[in-house]
Amino acid sequence: MCGIVGYIGKKPALPILVSGLKRLEYRGYDSFGFFALDKNEHFLLKKVGKISEWEKNLLDISFAGNLGIGHTRWATTGAVTQANAHPHFDCHNNIFLVHNGIMENYEQVKNKLIKEGHNFLSETDTEVFCHLIEKYFQGNLEEAVKQALREVRGNYGIAVISKKDPNKIVLAKFGAPLLVGVSKDEYFVASDPSAMVSYTRQIINLDDNEVAVISPDNHFLLKEKPLEQIDWEIQEAEKNDYSHFMLKEIFEEPDVIQEAIRGRMELDKGIARLGGLEQARERLSKIENFILLGCGTARYAAMTGECMFEEYAQLPTKTEIASEFRYRKPVLNKNTAILAVSQSGETADTLEAVKEAKRKGILALGLVNMVGSSISRETDAGVYNRAGVEIGVAATKSFVSQLSILALMTVYLGRQREMSMVTGRRILEEMKKLPDFARKILSQADYIKELAKKYSNYRNFYFLGRKYNYPIALEGALKLKEIAWKVHAEGNAGGEIKHGSLALIDESFPTLCICPTDSVYDKMKNAIGEVKSRKGKILAVVTEGNEEIKNMVEDVIYIPKTLEMLTPILSVIPLHLFSAYLALELGLDIDKPRNLAKSVTVE
Ligand code: AGP
């Protein structure tokens, strides 16, 4: 994990590095650091804390160097200390390096280097890169980097500067994202485009095993690489009038549904048009079973997709935790396909699962938000979310978008099989109404805020749902514990609570029940009854007009009536708002919950 930036050009590097790093803070925010070089003078700074808290002081620093690197950290190896913050350097203060990833064999390499006389100042795996490069350095930095990397196992995106081979930044990547931004006489380096979009829209994506050199007037890559265009606006990465990105992103949920379905429906024929799947159309029509893969929230989207694919496309489908998939020896055959669901497209666990599927020769598809990300490039075909940049560490609008596209995919796959035109059309017609339904839910924001305040004194929550809304119960609980981390939350299937967890319930342990009027409504009512009989307080998400549940529970939030398979797209919206408001009520930073980072690029 972590975010790295770099600059080489004619301007002072430091302010550019600070602004870039601020945009990457969502990738890690426990400590940060910079290194900049001006002829023989250098500037090195490392701090514990968030860069946004130090921004003003940093912008007051005047250092003329127009070559530098920076890093924002999410600790993996070594505690959160100033010594462990990046950049790291070698024994002779010649080689300075920032790293995103994990060196898996670092202890072994480090012990060897110590025996050879190297002196380590930190507990990190990253510092091992510096000493390894130092060992091979004979005046040419890229040669030393290449030799050093031969001894490294693990994944990395690194940017390296040497005082003895100045005027260049050497970059290398394996399994972690790294981009070069290209402008006139200047180059930018970053883990993702948001750090450079205000300076340039032209980028080069580095590939695994590539070592690249950028110098003030040229970029020497191992092979000629095409320039790609960043296709989103910088305003997308701004909070605009919202206090937090998470709130902004929740309020964008109606728009992302709209964007997910735009141009992707042929209503009269009852079919979904998913251009990204066309090249795999033939193979997809023969697929006999599907494995959906993802982590965290993306996995809950996949679980909802599993329900949709099985009920409406009659396609045997199974959701797997991406990090477990490749180690479980799954039974796959040539008629199996996988679909990797990932907002960032960089989640290492999911990416490795895709690579494993490809090694086994099965069709690998992606449902990814970030265009050009590793998963989108690694998969055979796929669909983009078009949900725009998501900055809040908690996934919100990307989840709603994933569910919308999984519903479209259900129609796509179903119509290749037994689904009738009438059913296809009915689903699509109903989907068209969802953006307005979502807006209607968000118009209750003040009421949901009041509810969050009312429930903010509780320290434990249970979330229950069934069938399509079971994954929504898991998502509601994850969201709450993730951003309102002073409270504990658990999600479960409505029918499961009586098999053990009911023991937890009393008046101090409220339950959020997702209970729209659908095929499992009566069964959910049983669960509500079981909780009520144990004096548990209940906040229920129910279909508009439902008076029955309203009379049984403490509080209700209404959602508009829609098809059962589409209810999760609506029922999750109040849960996202509830968790955001409750966390704010507890005085927490909802965009940067403790211990977490947006994009987990380590296994
Ligand atoms: C959810 O709020 C998370 N922060 C997390 O579970 C996330 O969904 C997961 O890490 C997967 O990320 P991805 O979609 O970028 O692959």
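Remember, it's 1-based here, ligands and their atoms both numbered in the order they're listed. Numbers here are sequence positions counted from 1.
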Check: [X] N/O within less than 3.5 Å of ligand 1 N/O:
X      : answer
Gln402 : no
Ala395 : yes
Val393 : yes
Thr350 : no
Lys598 : no

Using a strict 4.0 Å cut-off to heavy atoms of [X], name the atoms of ligand 1 that fall inside it.
X      : answer
Gly296 : 6 (O)
Ser344 : 13 (P), 15 (O), 16 (O)
Ala298 : 8 (O), 14 (O)

With a cut-off of under 6.0 Å to the ring centre and 45° to the axis, is Arg594 in cation-pi contact with Trp485?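 Geometry flag: set, cation within 6.0 Å and 45°.
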Check for me whether Lys355 meets the cation-pi criterion with Phe174, that is, NZ or CZ under 6.0 Å from the six-membered ring centre and within 45 degrees of the ring axis.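 Yes, cation above the ring, under 6.0 Å and within 45°.
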On a heavy-atom basis, I'd like to know which of Glu482, Lys479, Gln343 is closest to atom 4 (N) of ligand 1.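 Nearest option to atom 4 (N) of ligand 1, by heavy atoms: Glu482.
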Under the 3.5 angstrom rule, does the side chain of [X] hit a backbone N or O of [Y] as a donor-acceptor pair?
X      : Y      : value
Asp380 : Ala364 : yes
Thr81  : Asn84  : yes
Thr410 : Leu406 : yes
His71  : Ala85  : no
Arg459 : Ser456 : yes

Looking only at protein heavy atoms, which one is nearest to [atom], and what is the separation?
atom                    : result
atom 9 (C) of ligand 1  : Cys295 O, 3.5 Å
atom 13 (P) of ligand 1 : Thr347 OG1, 3.2 Å
atom 10 (O) of ligand 1 : Val600 CG2, 4.2 Å
atom 1 (C) of ligand 1  : Thr297 OG1, 3.1 Å

Glu390 and Asn369: side chain donor to acceptor below 3.5 Å: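 Per modelled atom types, Glu390 and Asn369 side chains form no pair under 3.5 Å.
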Identify every side-chain donor-acceptor pair in residues 295-305 under 3.5 Å, counting partners at least two apart or on other chains, and give the distances.
from, atom 1, to, atom 2, distance (Å)
Thr297, OG1, Glu475, OE1, 2.7
Thr297, OG1, Lys479, NZ, 2.9
Thr304, OG1, Tyr300, O, 2.9

